There are 2 protein chains.
Amino acid sequence: MSFQSELLSKEDESYILAHVDLDDPSLFNLSDEISIDDFQEQKYSLLLHNEQTVALNGNYQNTHDYYPADLPKEAESIKLEDQKLNVTQGEFQGPYDFQVIVCTGSKNPWEYSAQLNKIYTDRKSPVPIDFIVKNNSPDTQLFVRVTPMFNSPQYAQDCVYRCPNHEFNGPSDELPKEKCHIVKCLNKNTEYYGDKAKGDRLSFVIPLARTDRVRERFEFYCLNSCPAPGINRKPVEIVFTLEDIHGNTLGRKNLNVRICSCPRRDREKDENIPAAKSRKRGMIVAKKPSKKASVVLSRNLQELTVPVLGPQMRNNVLKYVHDLYAGEILRCGDDIEKQQPYLQGLESVKTIIAKFNDNESSSITQLSHF
Amino acid sequence: MSFQSELLSKEDESYILAHVDLDDPSLFNLSDEISIDDFQEQKYSLLLHNEQTVALNGNYQNTHDYYPADLPKEAESIKLEDQKLNVTQGEFQGPYDFQVIVCTGSKNPWEYSAQLNKIYTDRKSPVPIDFIVKNNSPDTQLFVRVTPMFNSPQYAQDCVYRCPNHEFNGPSDELPKEKCHIVKCLNKNTEYYGDKAKGDRLSFVIPLARTDRVRERFEFYCLNSCPAPGINRKPVEIVFTLEDIHGNTLGRKNLNVRICSCPRRDREKDENIPAAKSRKRGMIVAKKPSKKASVVLSRNLQELTVPVLGPQMRNNVLKYVHDLYAGEILRCGDDIEKQQPYLQGLESVKTIIAKFNDNESSSITQLSHF
DNA sequence: CGACAAGTTG
DNA sequence: CAACTTGTCG
Ligand SMILES: [Zn+2]
Ligand SMILES: [Zn+2]
């Protein structure tokens with residue numbers, strides 16, 4: 001179940017996708033079979049659904065207590081030259097039905113785009129994220145590993161570090177091993193891994209509280225726009241890996257992240273540029289469906305602009321859209337993840353309605369009960 | 001000829017300017033009369049034409065070989081607390097008719113504005129500057145001290161250092177004492193002074209070749225836009241001081257500097273906007289209707305933007321809006337005048353629908369019969 | 001060199 | 001939040 005090639009051809013991919021049961025969680029518990037030597041000398045690539053294989057520089061490992069510093073000197077030198085470990089990157093729920101939910105709300109300093117599965121946040125504001133783990137039993141300690149990565153294939157192998165500015169001007173109470181991490185968790189039990197000086201990829205591990213839904217807060221220390229050798233405007237994602245005490249992977253979810261000064265503006269731009277472009281007289285032109293966009297289109301929240309005549313018609317449209325979301329949400333049943341984008345849309349409509357209600361004195365033109 | 005007050009009132013200034021011969025070079029050769037103790041314990045202010053007195057933090061001195069590190073411990077502590085030395089900043093030619101000329105040329109990577117006495121340059125391109133010293137005799141060694149300063153009174157006391165990014169990512173052959181200087185001279189005999197760790201003001205001294213006109217090349221290591229604790233977008237000037245071997249000041253010239261990525265553009269803006277300065281940020285401008293939620297289309301027609309999720313919902317909304325117009329039009333009966341705005345809205349919606357139909361391959365997502 | 005991207009200001 | 005500034009890219 002492992003492939004020597006760094007990158008699979010499209011044909012290989014289709015073949016494998018067609019012949020392998022990618023939802024079989026046993027596929028993802030291979031770490032026990034791989035020795036340290038294997039890690040140092042071979043390249044492993046395991047195909048998952050939504051497959052993306054990424055070569056990770058440095059020491060990325062599945063046991064919490066395995067440290068780069070423990071390597072013998074010669075392994076070290078191999079690592080420093082061109083040791084790359086291809087680690088799978090696809091998302092999967094795994095046996096615990098692992099889910100990662102960004103808390104939303106319209107007046108938070110961060111913004112979440114369900115459409116792009118992307119969070120937009122300021123530097124240094126705590127962002128709460130919920131981890132959902134079904135059947136989280138009191139006798140098993142689970143962990144979430146958090147690894148920021150560049151998410152364009154071109155840069156995915158490069159490790160993400162803080163820019164020197166934010167490395168040397170971070171909070172004064174920061175431990176040296178934390179100073180290069182662009183993201184940290186407020187949870188005091190978080191363990192930080194990786195040493196920039198050795199070229200390690202940085203990540204950290206949070207011990208998960210034993211409830212079905214655990215909220216943790218994260219802070220970011222660099223902007224996406226920070227200069228090289230920092231993020232340097234490249235898109236970044238956070239990989240959340242559910243792990244057991246041995247570092248076995250039990251689930252994986254990705255979250256695109258943009259740390260910037262104007263989360264709302266930037267989110268709106270990201271969402272609208274793939275979508276409509278406005279013309280003269282406010283005409284809305286439909287977007288050209290980019291191949292990638294069309295795949296996920298059904299999950300995509302987009303903006304639609306229509307002409308309305310008078311507050312009555314406007315309110316009719318708003319109420320109608322509101323109710324369309326309400327209906328969809330009901331039809332989702334208890335599937336929280338499926339609800340997510342609709343909840344976001346609903347939130348969005350309600351904000352628009354509230355804005356009009358705020359701005360209009362006459363109660364006749366107001367929509368009530370929102 | 002020295003004043004105890006840190007800042008002179010406007011009236012004092014005018015009085016002095018009217019009664020003192022400010023072109024008398026003897027006024028500016030006072031350094032021999034001032035002991036180190038005076039420097040440490042008092043604040044001197046000497047008025048010059050184009051007067052600008054500036055309190056300099058740290059150790060700024062007129063002898064090349066006087067070093068902050070040589071201070072006794074107690075003087076040191078005074079310095080670190082609030083010792084500020086008011087040093088004159090005005091330009092004067094002095095006995096050698098000292099002049100500083102920025103070399104110009106239209107296809108250089110830098111730009112010089114004579115109007116603003118300001119040079120605009122890229123980071124890391126050598127800028128040649130000529131120093132003119134009349135009667136530069138072979139038996140007197142002269143020096144030019146180069147001191148970058150913030151030139152707004154509000155920040156002039158702060159020392160100018162590199163931002164951490166450029167401090168730690170400078171050329172690899174840089175000596176530690178050079179790493180914090182935002183400007184350096186290519187001349188290998190340049191001596192760099194000041195220690196950022198001690199809060200010293202940084203400067204350097206170039207021994208002048210013994211000709212009337214000496215060309216030296218300078219390189220800048222930070223942009224004006226570099227983040228705090230770097231320049232942080234504050235305007236900067238370079239003070240060139242002609243000195244003898246004892247550090248006596250024989251002439252002084254200032255040069256405004258902007259290190260940026262687009263020297264030409266920025267120079268043009270600087271030069272033109274002061275002329276037609278009516279549209280600056282702080283200016284009061286007729287405010288536009290807050291087009292936050294809706295924009296006026298025609299008389300009553302407005303734009304409403306709502307979030308939709310997927311083509312189905314989008315089409316539902318479009319169809320609904322279409323039908324709202326249709327209903328209104330019916331209710332207008334034969335009143336063509338009254339129909340008019342609704343017809344217009346209907347037309348508008350149909351255009352939007354057509355655009356989406358055009359752009360979408362899948363017939364499933366298309367609305368038919370429009 | 002124009003257009004865009006993205007931090008800052010009031 | 002709009003407008004401006006200013007680095008970057010094509
Ligand atoms: Zn940074
Ligand atoms: Zn800098």
Side-chain angles (χ1 to χ4, degrees), chain A residues 106-111 118-125 152 154-155 163 165-166 169 220-236 257-274 277-278 351-352 354-355 358-359, chain B residues 106-111 118 120-125 152 154-155 163 165-166 169 220-236 257-274 276-295 305:
Chain A
S106 53
K107 58 195 90 22
N108 294 327
W110 68 89
E111 294 268 319
K118 186 163 181 176
I119 185 167
Y120 298 76
T121 177
D122 219 339
R123 207 173 72 84
K124 291 284 308 170
S125 4
S152 80
Q154 185 177 13
Y155 297 109
C163 75
N165 269 313
H166 292 124
N169 291 291
F220 296 87
Y221 289 81
C222 261
L223 294 163
N224 272 55
S225 59
C226 275
I231 302 180
N232 195 218
R233 290 173 277 95
K234 298 187 284 294
V236 163
V257 172
R258 177 181 168 86
I259 314 122
C260 57
S261 297
C262 305
R264 173 131 358 143
R265 174 185 68 179
D266 294 353
R267 179 194 128 182
E268 279 162 7
K269 185 155 31 144
D270 270 12
E271 288 184 338
N272 290 332
I273 277 187
K277 168 178 279 187
S278 100
T351 309
I352 296 171
K355 233 170 242 171
D358 281 354
N359 285 2
Chain B
S106 54
K107 57 194 91 21
N108 294 326
W110 68 90
E111 294 269 318
K118 186 164 182 176
Y120 299 76
T121 178
D122 219 340
R123 206 173 74 85
K124 290 286 306 171
S125 9
S152 80
Q154 186 176 11
Y155 298 109
C163 74
N165 269 313
H166 292 124
N169 291 290
F220 297 87
Y221 290 81
C222 261
L223 295 163
N224 272 54
S225 60
C226 275
I231 302 180
N232 197 216
R233 294 177 326 292
K234 299 187 283 295
V236 163
V257 173
R258 176 181 169 86
I259 313 122
C260 57
S261 298
C262 305
R264 172 121 8 135
R265 173 185 70 181
D266 293 354
R267 179 194 134 179
E268 279 162 8
K269 195 181 311 181
D270 269 13
E271 286 183 338
N272 294 331
I273 279 186
K277 185 184 182 133
S278 51
R279 284 286 175 270
K280 278 280 264 202
R281 186 175 9 231
M283 290 281 150
I284 294 167
V285 153
K287 62 177 55 147
K288 302 158 183 180
S290 85
K291 56 155 189 163
K292 154 179 330 200
S294 59
V295 172
T305 301

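Keep in mind it's a predicted model, so treat the numbers as computed, not measured. Here is the naming used below: chain letters follow the sequence lines, and residue numbers restart at 1 for every chain.
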Could you state the atom-to-atom distance from CD of A:E268 to P of C:dA5 in whole Å? 15 Å
Which part of the nucleic acid does A:R123 contact within heavy-atom distance under 4.0 Å: base, sugar-phosphate only, or nothing? nothing
Under-3.5 Å N/O pairs linking protein and nucleotides 8-10 of chain D:
residue: D:dC9; atom: OP1; partner: A:R233; partner atom: NH1; Å: 3.4

Euclidean distance, A:R264 CZ relative to A:N108 CG, rounded to 0.5 Å: 9.5 Å
Can you check whether A:N165 reaches A:C226 side chain to side chain, under 4.5 Å on heavy atoms? no
Atom CD of A:E111 to atom P of D:dC1: distance rounded to whole Å? 9 Å
Interatomic distance where NZ belongs to A:K107 and P belongs to D:dC1 [whole Å]: 12 Å
A:F220 side chain near A:K124 side chain, heavy-atom distance below 4.5 Å: no
If I take atom NZ in residue A:K234 and atom C1' in nucleotide C:dA6, what distance separates them, rounded to the nearest angstrom? 16 Å
Proximal nucleotide (of C:dG7, D:dG7, D:dT5) relative to the B:K269 side chain: D:dT5
Using whole Å, report how far CZ of B:R264 lies from P of C:dG2. 11 Å
Expressed as a whole number of angstroms, how long is the span from B:N224:CG to D:dC4:P? 21 Å
